[in-house]
Amino acid sequence: MAYSEKVLDHFNNPRNVGTLDKSKKNVGTGLVGAPECGDVMRLQIEVDEKTGVIKDAKFKTFGCGSAIASSSLATEWLKGKAIDDALQIDNMAIVEELELPPVKIHCSVLAEDAIKAAIEDYKKKNGLE
Amino acid sequence: MENKQNFFEFFGLEPSPLLDEQALKKKYYDNMRAWHPDLHTLKSEEEQEKMLDRSTFNNRAFQTLLEPDKRLAYLLELHGRQIEGSGAQLPPDFLMEMMEWNEKLAELEMDPHEQELAAFRQKLEELENQLQKDILPVMQAYRFHSASEEQLDALQNFLFKRRYLLRIKEKLSTFAPPS
């Protein structure tokens, strides 16, 4: 199966790979997995507590090229967004942007799950739920 | 008509994650001998087609049941558990552990240390054995018609954990062999 150029670009030059200090109160961490293929994805956001805007986002993904590209793209989109706007990011937007084939849609779902998990973690830590 | 049967029924075996492999092999070979297309070349076309269908089903059923992970996945599907593309989640501490394993693996890939690699392989094997040991009582207690949701959850989690370990092992096998 051929990867789209955009997937290859994110795969070869992933944006925002790394770790944020998860002990910090304004850092939210989402850890999700796709057990059927053994993928694991960690996505973290650092939020400006005053404005509620995501000022940094990092990810680390072990999985196929599409899973890596999906999480890389997700971190790009997250930066500069208010957390409530970030919650609106839909996996189909990732599918369209990366031109993922149907068999790889679950990779984008994983990225969406990771975004939601990270935001939920941030909200929980800050009593925003 | 066989195609309506599940693979266990097809071989006349009790559906279970633990199977008598000898019994399975015996039935498979008996079927193969009876239905192999080469043995029916003089029969009518319709008859030949039927034999071919049965042989094909026999092969597919055998291959699925022989391999323990495939057998378990198939069994869980009989219980209505979706295995492929299920989006089922594993406990966070297990995911955390797999993250750490993968990180270590990536480190070793960049900078392969003979001793560390050996230690990694050993730990992986230990984890695999532990998983196997933990699930055995569940597999032994399992009965097709009275399986509880808890038992099915445990079996499903076991299968997913095996997939993670398998992935790590596959990756590990692409490393240069110890010189």
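To find a chain, count down the sequence lines: A is the first, B the second, and so on, and within it residues start at 1. All values below come from the heavy atoms of this structure, side chains included, with hydrogens, waters and symmetry mates left out.
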Under a 4.5 Å heavy-atom cut-off, does chain A meet the side chain of B:Ala73, its backbone, both or neither? neither
For the residue pair B:Trp101 and A:Phe62, is the inter-centroid distance of their aromatic rings smaller than 6.0 Å? no
Assess whether a salt bridge exists between B:Arg121 and B:Glu125, defined as any Lys/Arg side-chain N lying under 4.0 Å from an Asp/Glu carboxylate O. no
Portion of A:Val32 that has a non-hydrogen atom of chain B nearer than 4.5 angstrom: both
Selection from A:Val109, A:Ile105, A:Asp39, A:Leu110 maximising heavy-atom pairs under 4.5 Å formed with chain B: A:Asp39
Centre-to-centre under 6.0 Å for B:Phe57 and B:Phe7, is that the case here? yes
May I ask you to check whether B:Tyr142 and B:His79 place their ring centres under 6.0 Å from each other? yes
Which one wins on heavy-atom pair count under 4.5 Å against chain A: B:Lys161, B:Lys171, B:Glu103, B:Arg162? B:Glu103
